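Convention: sequence-line order gives letters A, B, ...; per-chain numbering from 1. Model, not experiment: these values are computed from the prediction.
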Amino acid sequence: MSAVVTRFAPSPSGALHLGNARTALFSWLLARRDGGRFVLRIEDTDAERSQAEHIVALQDDLRWLGLHWNEGPDIGGPNGPYLQSQRSASYDAAFADLEQRGLAYPCWCTPLELDVARRSQLAAGRPPRYAGTCRDLDAAQRAARAARASAPPTLRFRVPAGRSIGFDDLVHGPQQFATDDIGDFVIRRGDGTAAFFFCNALDDAAMGITHVLRGEDHLTNTPRQLLLLEALGQPAPRYGHVALLMGSDGAPLSKRAGARSLGDLRRAGYLPEAVVNHLFRLGHSSPLQGLQLPDALARGFTLEHLGCAPARFDDAQLASWQKDAAHALSEEAALVWLLPAMPPGLDPAQRAALITAVRANVVLPEDATRWARIVREQPAPLDAAGRALLEAAGDAFFDAAAAAAASQGAQPADWPALTAAVRAATGAKGPALFKPLRIALTGLDHGPELAPLLPLFPPGAVQQRLLNARHPD
RNA sequence: GCUCCCUUCGUCUAGAGGCCUAGGACAUGGCCCUCUCAAGGCCGUAACACGGGUUCGAAUCCCGUAGGGAGCGCCA
């Protein structure tokens, strides 16, 4: 009965970014660990900024990460609907209740008036809070304001004066806020829709959420929601405010600073295992070493080990997890992953062979594409060191190599035989034997094993490249 | 401006008064292994923001300072 229920409640106003993905992961992990439920709720009350395509994309991203939900807009659940835009009836009932009890009041102040008031307060060095213009109007005054108004009023929550609101944050510990620092805030917009503080808190209660893990940007807003829940007689969840995720420059994540969305990473070929493992360790510590499966991460997840300080996203660390994840892929999974990166014009068997041959050197699919091009099209451009090595090997070396290749026909496939023949003809061995051959064939002094690659060069290419190495340009 | 949160190697972090000569991972440098690179193994460089307290003893507690972040919206 005390089962943990967590939720992820994004607003569909853009692509899921890494910070969101991380709080989603933590919430999922917590529910998963305790055998609880994970709820997906879409906060689309702001019709202007919410888009249907984002709702779809968001769910795709979450599924891709492997964060499956037990209740959500697509699968329903006992406390639906899971789209806030469809829950207005319950909000309206609560609005009426609060207003009737005098805990909320209509406000006719225009955005312009409020903006002016805010600016002058800020200029005077005071906190920019609602001045209370409409707070204590009597019936006649309200009627007058209503008659004069050009737009419907908002509904404001009456924040009680002189109280202290405390709660025990799951990551930051005990918190204490004075209600005198909080201005009366809008809970229903002029167009009748519910504002974030309101519907977010109300839905958490209605959906039986027990633990809310969210960004630290919500920490100082929590007392408002606690006040609201108290006024409505609803239970409050435990809140845990996770430190924000920063860019590698220490500034907040932003597109400008090169922050990539989950979709960007996915399209670049990053593997979900890599992203999840990296996110797990950003702002969270664990004795767990190495790449872990989601269930193992869940078992190793502890609220106590969520950090209080903002963490920076680091490409190098993601890359390291990506490398581990790529190498851990099964043969079949690697094929699925890299097939789209193969150039056209290869038969399936060749594509598979190429993937198998290069995958140890592949971190991202683009690496596989690069190697495929080098093999199928042309070697990478020579650098000075490469040219020097070719010259050091000498014409006779490549004459012998080309002859050895020719002896195997247009499509040489026996690398040991080829190298043995060159060794026999020139006496070269070790690096002096293999480096020039590698550079002649690929243009680079490093790369995948050549033996499995040899049969994948285009017909005649091996001999041609060995001959070309006599006069590098 | 006011309120709140935060500050350990380049990065992610361990550390809850003596176990810290501050540990691990990524990155980085070197060596080994090796027909290249990678992988693997070994070794190294590198941090308690600053200043005051409290204490026999402080990375750990308290107070300031500096720096970073968030909130104070008819955005979520």
Centroid-centroid distance, A:F95 to A:F198, less than 6.0 Å: yes

Side chain of A:R312 - closest among B:C12, B:C4, B:C72: B:C12

A:H172 side-chain N/O to A:L219 backbone N/O, donor-acceptor pair under 3.5 Å: no

Base partner of B:U21, which must satisfy Watson-Crick or wobble distances under 3.5 Å: none

Upstream residue (5' side of RNA chain B) when A:R188 and A:D181 are each assigned their closest nucleotide: A:D181

First of A:P174 and A:F434 reached from the 5' end of RNA chain B, by closest nucleotide: A:P174

Euclidean distance for C1', B:A47 against B:U8 (whole angstrom): 6 Å

Polar side-chain atom of A:Q322 near backbone of A:V363 as donor-acceptor pair, under 3.5 Å: yes

Aromatic contact, A:F313 with A:H278 (centres under 6.0 Å): yes

Nearest to side-chain heavy atoms of A:W415, which nucleotide of B:C35, B:G10, B:C4: B:C35

Strand partner of B:C33, provided both Watson-Crick or wobble distances fall under 3.5 Å: none

Separation of B:U11 C1' from A:W321 CH2 (nearest whole Å): 14 Å

For atom CZ of A:F177 and atom P of B:C5, their distance in whole Å: 6 Å

Flag, side chain of A:T442 to backbone of A:I439, donor-acceptor distance under 3.5 Å: no

Value in whole Å for how far the C1' atom of B:C75 lies from CD of A:Q84: 13 Å

Parallel, tilted or perpendicular, as decided by the 30° and 60° cut-offs, for the rings of A:W415 and A:F434: tilted

Base paired to B:U3 (Watson-Crick or G-U; both N/O distances under 3.5 angstrom): B:A70

Rounded interatomic separation in angstrom, taking CZ from A:F198 and P from B:G73: 18 Å

Touch class at under 4.0 angstrom, heavy-atom based, for A:G190 against every strand present: base

Length of the line joining A:Y239:OH and B:G71:P, which is rounded to integer Å: 17 Å

P spacing across the pair B:U11 / B:U3, given as an integer number of angstrom: 30 Å

Pairwise N/O distances under 3.5 Å, protein to nucleotides 38-47 of chain B:
unit_1: B:A39; atom_1: OP1; unit_2: A:K323; atom_2: NZ; d: 3.0

Check: A:D44 main-chain N/O paired with A:S85 side-chain donor or acceptor under 3.5 Å: no

B:G44 - base-pair partner by Watson-Crick or wobble geometry, distances under 3.5 Å: B:U28

Integer angstrom distance from the C1' of B:C48 to that of B:U7: 10 Å

A:R129 CZ to B:G71 C1', straight-line distance once rounded to whole Å: 11 Å

Aromatic ring proximity, centroids under 6.0 angstrom, A:F196 and A:H218: yes

Sugar-phosphate only, base, or nothing, as touched by A:S320 at under 4.0 Å among non-hydrogen atoms: sugar-phosphate

Nearest to side-chain heavy atoms of A:V186, which nucleotide of B:U7, B:C74, B:A14: B:C74

side-chain contact (heavy atoms from CB on, under 4.5 Å) against A:D180, all qualifying residues, sequence neighbours excluded: A:A161

Sugar-phosphate, base or nothing in reach of A:F313, heavy atoms under 4.0 Å: nothing

Spacing of the C1' atoms in B:A59 and B:A49 (rounded, Å): 12 Å

Separation of the P atoms in B:C50 and B:C56, to the nearest angstrom: 25 Å

Base-pairing mate for B:A39 - Watson-Crick or G-U, with both contacts under 3.5 Å: none

Nucleotide nearest A:L122 when distance is taken to its side chain, options B:C6, B:G1, B:C26: B:G1

Under 4.0 angstrom between A:R423 side-chain N/O and B:C35 OP1 or OP2: no

N or O in side chain of A:Q317 less than 4.0 angstrom from B:A27 OP1/OP2: no

Sugar-phosphate, base or nothing in reach of A:G183, heavy atoms under 4.0 Å: nothing

Nearest to side-chain heavy atoms of A:P127, which nucleotide of B:C4, B:G15, B:G1: B:G1

Touch class at under 4.0 angstrom, heavy-atom based, for A:R224 against every strand present: sugar-phosphate

Could you go over nucleotides 63-70 of chain B and give all protein N or O partners under 3.5 Å, atom names and distances?
unit_1: B:A70; atom_1: O2'; unit_2: A:D217; atom_2: O; d: 3.4

Candidate list A:I182, A:D184, A:I187, test side chain to side chain contact (heavy atoms under 4.5 Å, CB included), partner A:F157, passing option: A:I187

Sugar-phosphate, base or nothing in reach of A:Q289, heavy atoms under 4.0 Å: sugar-phosphate

Touch class at under 4.0 angstrom, heavy-atom based, for A:C109 against every strand present: base

Distance between C1' atoms of B:U28 and B:U36 (Å, rounded): 22 Å

Gap between atom CZ of A:R7 and atom NE2 of A:H211 - 0.5 Å precision: 13.0 Å

Nucleotide opposite B:C61 in a Watson-Crick or G-U pair, distances under 3.5 Å: B:G53

Interatomic distance, A:F280 CZ vs B:G24 P [rounded to whole Å]: 20 Å

Whether A:H446 and A:W371 hold their rings parallel, tilted or perpendicular, with breakpoints at 30° and 60°: perpendicular

P gap between B:G44 and B:C4, integer Å: 46 Å

Among B:U36, B:G71, B:U13, the nucleotide that comes nearest once only the side chain of A:R438 is considered: B:U36

Nearest listed nucleotide, side chain of A:H446, among B:C2, B:C26, B:C37: B:C37

Side chain of A:H172 - closest among B:C74, B:C5, B:U11: B:C5

Integer-rounded Å distance: B:C74 P and A:F95 CZ: 14 Å

Pair A:F185 + A:Y130: ring centers closer than 6.0 Å: no

B:A58 to B:C72 separation - C1' atoms, rounded to the nearest Å: 37 Å

Validation row, ring centre A:F8 to ring centre A:F38 under 6.0 Å: no

